[in-house]
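Both counts, for ligands and for their atoms, begin at 1 and track the order of listing.
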Amino acid sequence: MTTGWEFAMRRCLQLAEKGEHFVGMNPLVGSVLVKDGEIIAEGYHAGFGLAHAERDLLEKLPEDMDIANCTLVVNLEPCNHFGKTPPCADIIIAKQIPQVIVGALDPNPLVSGRGIERLRSHGIEVITGVLAEECIQLNRQFYTRMIHQRSYCIAKWAATADGYMANNSEHRLLISGEQAQQHLHVLRSRVSAILVGVTTWERDKPRLDSRILDSDVESSESWNPIRIVLDPNLRGNYDTEAIDRVFSPLWVLNEKIDENKKSERGNNVRFIRLPKQWIWQELLAWLYQQNIASVLVEGGATTLGELIASGCVDEYMEYRNTDLRIGGGIEAPDFPNGWQQQQFLGEDLLRVFKVPIAGELYR
Ligand code: AOF
Ligand code: ZN
């Protein structure tokens with residue numbers, strides 16, 4: 001019976017969220033122990049390399065606690081492999097927990113169903129699929145990475161009311177209002193990397209940081225993602241003081257050279273050579289191998305157009321100004337499948353489409 005456990009699973013989801021910003025490439029996982037319909041202990045995965053949620057919970061239990069008839073509830077299938085930590089299935093078996101309730105299966109090919117099989121083979125009753133959709137949505141980035149073995153990819157652009165993302169001049173056109181910009185900076189603080197094409201880099205001179213625009217004072221707490229410029233022919237200028245004002249590495253992906261350049265001012269610019277005929281799938285797979293959990297692609301039109309055509313976008317975001325019309329210029333991309341949600345941010349409309357995950361495979 002999957003019903004009756006929702007209250008406990010909801011608590012797992014809340015606990016799981018505490019790991020946000022800290023788990024890196026790992027999933028967000030929370031766990032509770034239930035006895036006679038009440039939660040008697042809780043745990044969660046607090047950070048990359050740290051104990052998994054189940055182990056966090058079970059290791060903290062007092063020695064003399066009677067857990068004979070308890071049920072362990074967790075939003076992700078307990079693992080059965082040695083990663084940076086030993087298998088959760090082992091400690092569940094060792095503690096003789098008779099029943100385990102799971103939200104969704106682990107898409108990690110090393111686990112994927114085997115954690116549950118192992119528990120069952122030791123006589124533990126396992127029920128799966130409790131609030132499965134919520135559990136998968138909470139970890140949609142993790143699921144996407146595991147399924148495609150590449151970084152989670154967000155395509156974002158700003159558009160005028162008549163559908164342009166830039167005018168035809170050499171200069172930057174400011175499209176979004178303050179609320180939309182603030183929203184963007186929060187988003188930037190949540191991704192591992194921000195990527196732009198060389199044309200945008202040269203024209204807009206973007207800082208690609210996550211300063212919060214509430215005031216002119218920069219928040220020292222804001223975290224800056226790695227900055228990436230896609231510049232196959234090395235047309236951009238990477239020797240400016242402005243680059244060093246943001247404390248995060250700058251990677252220049254190109255087809256010519258491979259070297260680290262440390263400027264006198266101390267910031268790192270890393271030139272990384274791409275294979276001759278690179279494709280987006282491979283680039284995102286390579287970023288994944290560099291521990292880039294998520295990448296926000298911010299333009300320009302060519303970069304976004306090619307990325308969207310590759311089918312590698314997991315989330316589309318458009319900040320659309322509802323007032324400004326420029327009558328011509330560089331057209332903003334289209335949503336290939338429309339958008340699912342929209343909300344006003346001041347005068348701008350934020351529209352979002354998230355590519356669905358084949359959730360039925362993980363219930
Ligand atoms: C669980 N509970 O809380 C988490 C799980 O390198 P490790 O040892 O941290 O293992 C990472 C993998 O373990 C990750 O890819 C995912 O499959 C699983 N994460 N599993 O049972 C947890 N965080
Ligand atoms: Zn585990």
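- Heavy-atom contacts of Thr85 reach the following atoms of ligand 1: 8 (O) (cutoff under 4.0 Å).
- For the pair Ala53 and ligand 1, the shortest N or O to N or O distance falls below 3.5 Å.
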Evaluation steps, side chain to side chain donor-acceptor pair (under 3.5 Å), between Tyr362 and Glu77: CA-CA 9 Å; Tyr362 303 101; Glu77 169 185 10; over 6 Å; no
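- Heavy atoms of Phe82 found under 4.0 angstrom from ligand 1: none, in either backbone or side chain.
- Residue-to-ligand polar distances keep Gly49 apart from ligand 1: every N/O pair is separated by 3.5 Å or more.
- Listed by chain and number, the protein N, O or S atoms at a distance under 2.8 Å from the Zn ion (ligand 2) are His52 ND1, Cys79 SG, Cys88 SG.
- Interface of Met146 with ligand 1, defined as ligand atoms under 4.0 Å from a residue heavy atom, comprises 15 (O).
- When heavy-atom distances to ligand 1 are checked against a 4.0 Å cut-off, Met25 has no atom that comes that close, whether in backbone or side chain.
- The backbone and the side chain of Lys84 each have at least one atom closer than 4.0 Å to an atom of ligand 1 (non-hydrogen atoms only).
- For atom 23 (N) of ligand 1, the choice among Glu54, His81, His45, Arg55 with the nearest heavy atom turns out to be His45.
- Residue pairs meeting the ring pair (Phe, Tyr, Trp, His ring centres under 6.0 Å) criterion with at least one member in residues 51-109, sequence neighbours excluded, are His45-His52.
- The proximity of Cys88 to ligand 1, defined as any non-hydrogen pair under 4.0 Å, is limited to the side chain.
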